[in-house]
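These notes concern the structure reproduced below.
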Amino acid sequence: VVTYNSLIYGLCNSGLWEEATKLFNDMVGKGILPDVITYNSVVHGHCSSGQWKAAIRFFDEMIERGLSPNVVTFTILMDALSKEGEIREAHQLLEVMIQRGEEPDAISYTALMDGYCLAGQMDDALKLFHSMVSRGLKQDDYCYNALINGYCKTKRLDEAMRLFEEMNHRGLKPTVITYSTLLAGLCQVGQVDDAQALLNEMIDQGHSPNIITYNSLIHGLCNSGMWKEAMDFFNDMLGRGLTPD
RNA sequence: GUUCUCGGCAUCGAAAG
């Protein structure tokens, strides 16, 4: 079943549904029953290509076959709902899983928090962030990044920077994603000097800005009409050997 | 050496809705 799971995961991630279905039937024919991981792979594949109906079809089928959705299954669905902006539904799933005795983990919480962050509902996101502690879950760099992104999107750079410092204090290492998020936020509100300083700090800390980092910077600057500064970063990027896309 | 297979965070675009 591990062999089939690996193959089906790969095929679903590439959107090769026909091939995946063939293997799926193949394994059943050989007496190897798809398990919760098989179904999770298929459901996730459909979710990440926006095929919500198909995802639900497999979710239902899985239950019909007597398999219990686990924390990963629920997180896949919550993540998909969050990204679609159906946060109310996503949050309901969190309640459902708790009622069923499936313990949500940090990944589940981040998926839902990200939904609130993308929707700009920062107080709801914060509530979840705090409830992680009461559930004994560790607040990791992923969930800090999601929150920071939310504050950047809502142009509350003070809060975003506060969280950035908090995560440093707690020994969590900011990643290239953390820096890119903040740089984009700073540029969008016109704090170009702060962005420049942070970029320098990032490099000092041994993180190389990538193409997305520069795209974020340039996009933020152009968005606020600062095309000159954007050109500076563009040249900077070329100087670092990055190829614009 | 957290090691058989599944889930969470950043830019833009396309598709879908």
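Within every chain, numbering begins at 1; the chains are lettered A, B, ... in the order of the sequence lines, protein sequences first and strands thereafter.
The A:Thr110 side chain lies nearest to B:rG8 when the options are B:rG8, B:rC4, B:rA10. Listed nucleotides: B:rC9, B:rU5, B:rG7. Nearest to the side chain of A:Val72: B:rG7. Side chain of A:Ile37, nearest nucleotide from B:rG8, B:rA10, B:rC6: B:rC6. When distances are taken from the side chain of A:Cys143 to each of B:rG8, B:rG7, B:rA10, the shortest belongs to B:rG8. Distances from the side chain of A:Ala111 to the nucleotides B:rU5, B:rG8, B:rG7 place B:rG8 closest. Each of B:rA10, B:rG8, B:rC6 was ranked by its minimum atom distance to the side chain of A:Asn40; first place goes to B:rC6.
Among the atoms of the strands shown, only primed sugar atoms or phosphate atoms (P, OP1, OP2) are found under 4.0 Å from some heavy atom of A:Lys153. The residue A:Thr181 sits close only to the backbone: its heavy atoms come under 4.0 Å of sugar-phosphate atoms, none of a base. Across all strands shown, A:Ser216 has heavy atoms under 4.0 Å from sugar-phosphate atoms exclusively, and none from any base. Using a 4.0 Å heavy-atom cutoff across all strands shown, A:Thr175 reaches no nucleic acid atom at all. At the heavy-atom level, A:Val36 lies nowhere under 4.0 Å from the strands shown. When heavy atoms are screened at a 4.0 angstrom cut-off, A:Ile76 is found touching the sugar-phosphate backbone but no base atom.
A salt bridge links A:Glu159 with A:Arg162: at least one charged nitrogen is closer than 4.0 Å to a carboxylate oxygen. With respect to A:Asp232 and A:Lys228, no salt bridge is recorded, no charged nitrogen being found less than 4.0 Å from a carboxylate O. A salt bridge is defined here as a Lys NZ or Arg NE, NH1 or NH2 lying under 4.0 Å from an Asp or Glu carboxylate O, and A:Arg65 with A:Glu61 meets this definition.
Nucleotide B:rG8 holds its P atom 11 Å from the CG atom of A:Asp105, rounded to whole Å. Distance, A:Tyr109 OH to B:rC9 C1': 18 Å, rounded to whole Å. Atom CG in A:Leu112 sits roughly 14 Å away from atom P in B:rG8 (whole-Å rounding). Rounded to an integer number of Å, the gap from CG of A:Leu137 to P of B:rG7 is 19 Å. Between A:Ile107 atom CD1 and B:rU2 atom P the separation is 18 Å, expressed in whole Å. A straight line from CD1 of A:Ile218 to P of B:rU11 spans 15 Å, rounded to a whole angstrom. Whole-Å rounding puts the A:Ile148 CD1 to B:rA10 C1' distance at 11 Å. Atom CG of A:Leu182 is separated from atom P of B:rU11 by 12 Å (rounded to the nearest Å).
The phosphate of B:rG7 has neither OP1 nor OP2 within less than 4.0 Å of any side-chain N or O from A:Lys83. Under 4.0 angstrom from either OP1 or OP2 of B:rC6 there lies no side-chain N or O belonging to A:His44.
Hydrophobic clustering, with ILVMFWY side chains joined whenever heavy atoms are under 4.5 angstrom apart, groups A:Tyr214 together with A:Leu198.
Judged by distance alone with a 3.5 Å cut-off, a donor-acceptor contact links the side chain of A:Asp140 to the base of B:rG8.
Of the N and O atoms on the side chains of A:Thr175 and A:Thr178, at least one donor lies less than 3.5 Å from an acceptor on the other residue.
Between A:Tyr9 and A:Glu84, the one whose closest nucleotide on RNA chain B sits nearer the 5' end is A:Tyr9. Heavy-atom distances to RNA chain B give each of A:Asn223 and A:Gly50 a nearest nucleotide, and the one nearer the 5′ end belongs to A:Asn223.
Of all the heavy atoms in A:Pro209 and A:Ile203, the pair that sits closest is CD-CG1, 3.9 Å.
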